[in-house]
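Beneath this line is the structure, given in structure tokens, with notes to follow.
Please read all numbers here as calculations on a predicted model, not as lab measurements. Atoms within each ligand, like the ligands themselves, are counted from 1 in listed order. For the single chain, residues carry numbers from 1 onward in sequence order.
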Amino acid sequence: MLDREGVTKFLSGENIRCRDTAKVTQKICEMKKDGYSALQILADFDYTISHFRFEKEKMSSSFGALEKYSGMSEEFRAKTLALYNHFYPQEVDPNIPAEVKVGLMTEWFTKSAGCIISEGVSKETVKNAADTSKVKLRGKFDVFAETLKKEEVPLLVFSAGVGQVIERVFSNAKISPDNIKLIANMLEFNSENNAEQFRPPLITTGNKSTVAAQEKEYFNSHIDRVNSILLGDNIEDIQMSACVRNYSKNVLTVGFLNDRVEDRLDLYKSTFDVVILNDPDFTDVIQLFECLQ
Ligand code: MG7
Ligand code: MG
């Protein structure tokens, strides 16, 4: 039996917006019938698992961790910051059509990746950048990850960010890697310990569905997990549902809306089943997860 009270409580949370509560309640009901053994989680990392703002201060993305690190050259920091100032506003601009945005994002990520490679960063530099960065995991993400592990529900972290920064942030927070699969931009180092390239294909904000097609092994190994919870903060994160398209019954989509909130709330409400405002911790997501048991 669906605990309607639990669902109602989740949907009426102060940070939650939902365009069609009847439809979402129905979806939760369907998913609950199959239970945790048929569930998997697909989550973006930057500004989804991590905070966009924390105590009014803007936090860093995994790319931002390198951009801001004092161990990088002045030139690198200036160049990547200029790229950020140019391209970030385009990333969150709801008026740029998707097909135009994907090209802009490819340009940004390619240029930024190029700067990291020209800098020839070492593994230690990446670790130090992560350690001193303002990449901040949302509160209770650790609780959520532990619960998933206990319930044997697989978590895919599918990120267009820098893989080694994410790994380090997780390990610093004692997030157990069991049960978590990371797909992200992984740096590859040469014998002198200098970053030589990002393992292709370069993942950007706009191409997750294309990349998903090349990660068939993971998705095929979870073919019995016909229900998914998708967590993202960019409109394009919705593309992660393409990962499970071949066998999926239900994808419950959750969008964290962190920036340009007024301009984008309608768009987010019509794209995601549930929208989370105010950059909160993982309490709402945990509540949703518990509705599905
Ligand atoms: N993001 C992507 N790139 C950069 C960059 O060069 N600098 C900074 N500060 N942030 C960047 O996980 C992907 C997220 O990382 C951010 C190339 C984007 O905002 C993107 O959503
Ligand atoms: Mg993100």
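- Taking 4.0 Å as the cut-off, N234 counts as a neighbour of ligand 1 on heavy-atom distance.
- The shortest N or O to N or O distance between E91 and ligand 1 is under 3.5 Å.
- Annotation: atom 11 (C) of ligand 1 to nearest protein heavy atom, W108 CZ2, 3.3 Å.
- When each of F170, F63, F158, F141 is paired with F45, the ring-ring contact (aromatic ring centres under 6.0 Å, His included) condition holds for F170 and for no other.
- For the Mg ion (ligand 2), protein N/O/S neighbours under 2.8 Å (waters excluded) are D44 OD2, D46 O, D233 OD1.
- Relative orientation of the Y36 and F289 rings is parallel, given thresholds of 30° and 60° on the angle between their planes.
- In terms of polar-atom proximity, defined here as any N/O pair under 3.5 Å, T80 makes no such contact with ligand 1.
- Annotation: Y84 places no N or O atom under 3.5 Å from an N or O atom of ligand 1; distance criterion only.
- Among the atoms of D46, some N or O lies under 3.5 angstrom from an N or O of ligand 1.
- The aromatic rings of Y88 and Y84 sit parallel, their planes meeting at an angle under 30°, below the 60° perpendicular limit.
- A cation-pi arrangement is absent between K111 and F76 under the rule of less than 6.0 angstrom and at most 45 degrees off the ring axis.
- For atom 2 (C) of ligand 1, the closest non-hydrogen atom on the protein side is F109 CZ, 3.3 Å.
- Checked by distance only, ligand 1 and T205 stay at 3.5 Å or farther apart across all their nitrogen or oxygen atoms.
- Between K27 and D273 there is a salt bridge, since at least one side-chain N of the basic residue sits less than 4.0 Å from a carboxylate O of the acidic one.
- The pair K269-D20 fails the salt-bridge criterion, with no side-chain N (NZ, NE, NH1 or NH2) lying under 4.0 Å from an Asp/Glu carboxylate O.
- Ring orientation note: the planes of Y47 and F52 are nearly perpendicular, at an angle over 60° on the 30°/60° scale.
- If you number the atoms of ligand 1 from 1 as listed, the ones under 4.0 Å from a heavy atom of S61 come out as 8 (C), 9 (N), 10 (N), 11 (C), 15 (O), 16 (C).
- Against a heavy-atom cut-off of under 4.0 Å, G64 is close to the following atoms of ligand 1: 8 (C), 9 (N).
- Seen from the ring of F282, K140 does not count as a face-on cation partner, given the 6.0 Å and 45° thresholds.
- Residues satisfying the side chain to side chain contact (heavy atoms under 4.5 Å, CB included) criterion with N220, sequence neighbours excluded, are K216, I223.
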E74/R77 under salt bridge (Lys or Arg N to Asp or Glu O under 4.0 Å): CA gap, chis, key distance, verdict: CA-CA 5 Å; E74 275 298 322; R77 288 193 284 160; 3.0 Å; yes
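- In this structure, the protein non-hydrogen atom closest to atom 6 (O) of ligand 1 is S112 OG, 2.7 Å.
- Within a 6.0 Å radius of CZ in R260, other residues, nucleotides and ligands contribute more than 12 heavy atoms.
- Shown here is E14, whose CD atom has no more than 12 heavy atoms of other residues, nucleotides or ligands within 6.0 Å.
- Taking atom 7 (N) of ligand 1 as the reference point, the nearest protein heavy-atom neighbour is E67 OE1, 2.6 Å.
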